[in-house]
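Report on the structure given below.
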Amino acid sequence: MSPVRPNLDLAVIGNCEVSALIDDLGRIVWMCLPRPDGDPVFSALLTTEGGASPEGVFAVDMVDLASTEQRYRRNTAVVETILHDAHGGSLLIRDFCPRYRARGRMFRPMMLVRIVEPIAGRPVVRIRLRPTRNFGAEAVCGRAGSHHLVFPVNDLEYRVTTDASLSALADQCPIVVDQPLTFVLGPNQTIEETPSVLAHSLLLETSNYWQDWVRTLAIPFDWQEEVIRAAITLKLCTFEDTGAVLAALTTSIPEGPGSGRNWDYRYCWLRDSYFVIQSLNRLGATRTMEAYLHFIDHIVAGSAVRELQPVYSLAGSHDIEERVVTSLAGYRGMAPVRVGNQAALQTQHDVYGAVILATAQLFFDARLARGGDRALFEQLERLGERAALVYDRPDAGPWEFRGRERVHTFSAVMSWAGCDRLSRIAHRLRLPDREQHWREVSDGMRDRILERAWNERRGAFVASFDDDHLDASVLLLPELGLLPATDPRFLATLDVIGRELRDGDLVFRYRHEDDFGTPQTAFATCAFWYVNVLAAAGFVEEAREHFTRLLRYRNGVGLLSEDIAPATGELWGNFPQTYSLVGVISSALRLSRPWETTL
């Protein structure tokens with residue numbers, strides 16, 4: 001096969017403790033330890049060569065490779081890559097991170113398992129196990145044991161236990177794969193069983209776990225496989241130890257070629273997390289929400305409440321200082337590589353509404369072990385007071401502009417939505433005085449938003465109060481409940497956005513110049529927002545056709561990144577992007593034919 005430049009045709013494995021990205025040649029090009037926001041021990045994704053990089057990769061390079069196939073084992077997070085050589089030889093690579101329930105608790109170790117099996121002929125491979133540390137600054141040489149290699153990474157030691165030849169690993173010399181090979185990457189602890197026996201036992205348990213989890217999902221009749229894959233991937237973007245939800249598993253994949261819009265998304269944004277939780281809730285996967293609310297509870301309890309950040313570390317820490325790392329060249333050589341995110345220092349007023357919205361289901365869903373009570377409501381009221389105070393003040397907005405602040409319509413509407421839900425919760429708790437208070441507060445906010453966010457000259461709701469710029473985030477106004485999609489003002493807005501922000505089937509966040517120039521790529525989830533309001537406005541068949549076309553932008557295993565180039569359909573931005581996968585689920589649920597009338 002001819003060399004292929006790095007791309008985002010990647011598969012994801014994980015267990016809600018660790019995760020890894022695998023390219024379509026079966027090369028592990030990204031994995032951070034001891035958790036997803038840690039040091040990448042496999043860092044080739046952020047190099048000029050990608051999987052062909054001499055360092056930061058775990059590859060099974062087939063000699064005379066002719067073709068490849070890649071898929072997920074049905075309804076699991078187990079990736080299967082098949083390599084074919086030019087002489088009729090083939091082998092199967094299975095990759096997964098163990099996850100299953102045992103002895104009353106979830107088993108999700110810091111572990112990755114790789115099984116390489118011959119399936120035809122006598123395939124010849126070179127195995128490159130070349131981890132790095134300090135963000136690619138140093139290649140790490142393993143210390144050999146009897147059947148394992150030990151690798152130090154800062155304060156952590158991990159080992160790869162294998163039944164392959166350690167000499168062949170060290171020398172990267174060709175070997176014939178005439179029997180299965182097993183690799184178990186995990187803590188530096190002795191494994192009692194043989195690697196093969198352990199790996200196949202873990203494979204069975206992990207496959208059973210994911211297939212059982214999928215059985216609990218309330219999926220739509222149409223687009224079932226697409227929704228299942230998106231749901232599993234959203235689950236993989238959670239950090240179960242604390243309940244945090246990651247925006248993506250990578251850092252510094254540029255939003256467009258050479259754009260400089262390279263950000264670290266391996267953290268928990270309160271806004272993004274709400275939409276992830278909402279999507280999983282709609283599928284019936286409520287445990288992720290319960291874990292996330294535990295994460296939120298610690299943040300709110302440990303803060304002054306009046307100063308919630310937009311984003312926190314996976315442990316809930318405030319400190320995620322942004323810095324540039326020069327030891328990695330960047331995706332396709334497109335620097336900079338950033339670690340940390342300056343957005344933690346920004347003012348984003350939508351966060352108060354996002355927390356209230358994420359928590360509201362506790363008061364209404366009888367399935368949950370822990371329901372909302374008066375004490376929790378009073379805690380949320382303090383956030384509501386802050387939302388009502390700041391909703392019409394300038395902030396950085398949902399797109400986190402670094403060079404300016406405005407009174408962003410989206411932030412104002414999220415603040416209103418939080419106060420509106422407090423009124424509904426008070427009604428549920430039979431607190432008429434508080435219900436009336438929050439209804440009066442939210443009604444006043446709504447009136448002001450509808451007045452100031454509407455631009456008569458543009459004939460549309462705009463990005464910020466008294467502004468001229470369009471912004472795709474206003475497509476969420478009906479979903480958040482501010483007004484129906486059939487309202488004449490919203491229909492006019494939808495028409496203007498369709499003419500000015502839409503490019504083919506894709507939709508830009510905005511078109512105006514920002515801190516880094518004019519955007520080159522469309523924000524993937526905006527197209528799903530557009531599809532949803534088309535349907536809500538009554539254009540259901542048009543929306544279904546549009547949604548079907550959007551699904552073609554997913555990569556070979558059904559995943560999406562943050563951004564898409566309209567001219568080429570190429571994926572850009574951090575990967576996998578939870579916002580984009582939320583779009584797949586929300587649109588499928590809205591547009592699917594009902595089970596009751598289809599069977």
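Just so you know, residue 1 is the first one in the sequence shown, and it goes up from there. The figures that follow rest on heavy atoms only: side chains count, while hydrogens, waters and symmetry mates do not.
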Examine distances only and state if a side-chain atom of N15 and a backbone atom of P109 form a donor-acceptor pair shorter than 3.5 Å.
-> yes

Of all residues at least two apart in sequence or in a different chain, which pass the side chain to side chain donor-acceptor pair (under 3.5 Å) check with W223?
-> none

Would you mind listing every salt bridge (charged side-chain N to carboxylate O under 4.0 Å, His left out) that reaches into residues 347-356, with sequence neighbours excluded?
-> R271-D350

What pairs with A360 under side-chain contact (heavy atoms from CB on, under 4.5 Å), at least two apart in sequence or on another chain?
-> I425

May I have the step-by-step check of side-chain hydrogen bond (donor to acceptor under 3.5 Å, both in side chains) for R73 and S207, ending in yes or no?
-> CA-CA 8 Å; R73 175 177 281 197; S207 296; 3.2 Å; yes

Partners meeting ring-ring contact (aromatic ring centres under 6.0 Å, His included) with F183 (sequence neighbours left out) = F58

Residues in side chain to side chain donor-acceptor pair (under 3.5 Å) with Y72, at least two apart?
-> none

CZ of R509 to CH2 of W529: how many Å apart, nearest 0.5 Å?
-> 9.5 Å

Quick one: side-chain hydrogen bond (donor to acceptor under 3.5 Å, both in side chains) pairs with a partner in residues 284-294, sequence neighbours left out?
-> K235-T288, H294-H298

What residues, two or more places apart in sequence or in another chain, satisfy ring-ring contact (aromatic ring centres under 6.0 Å, His included) together with F107?
-> Y100

Applying ring-ring contact (aromatic ring centres under 6.0 Å, His included), name anything that partners F575, two or more places apart in sequence or on another chain.
-> none

What distance do S587 atom OG and L550 atom CG have between them, rounded to the nearest 0.5 Å?
-> 7.5 Å

Side chain to side chain donor-acceptor pair (under 3.5 Å) partners of R71, counting only residues at least two apart | E80

Are the aromatic rings of Y391 and H349 close, with centres under 6.0 Å apart?
-> no

Contacts of A536 that satisfy side-chain contact (heavy atoms from CB on, under 4.5 Å) - sequence neighbours left out | A485, R590

Taking side chain to side chain donor-acceptor pair (under 3.5 Å) as the test, write out the residues that go with T578, two or more places apart.
-> none

Of the non-hydrogen atoms in D24 and T81, which two are nearest, and what is the gap between them?
-> O-CG2, 3.9 Å

Have S473 and D471 got a donor and an acceptor in their side chains that come within less than 3.5 Å?
-> yes

Residues at least two apart in sequence or cross-chain that pass side-chain contact (heavy atoms from CB on, under 4.5 Å) with A218, listed by chain then number, are none

Quick one: do the S411 and D395 side chains pair a donor with an acceptor below 3.5 Å?
-> yes

Do Q346 and E400 have a side chain donor and acceptor closer than 3.5 Å?
-> no

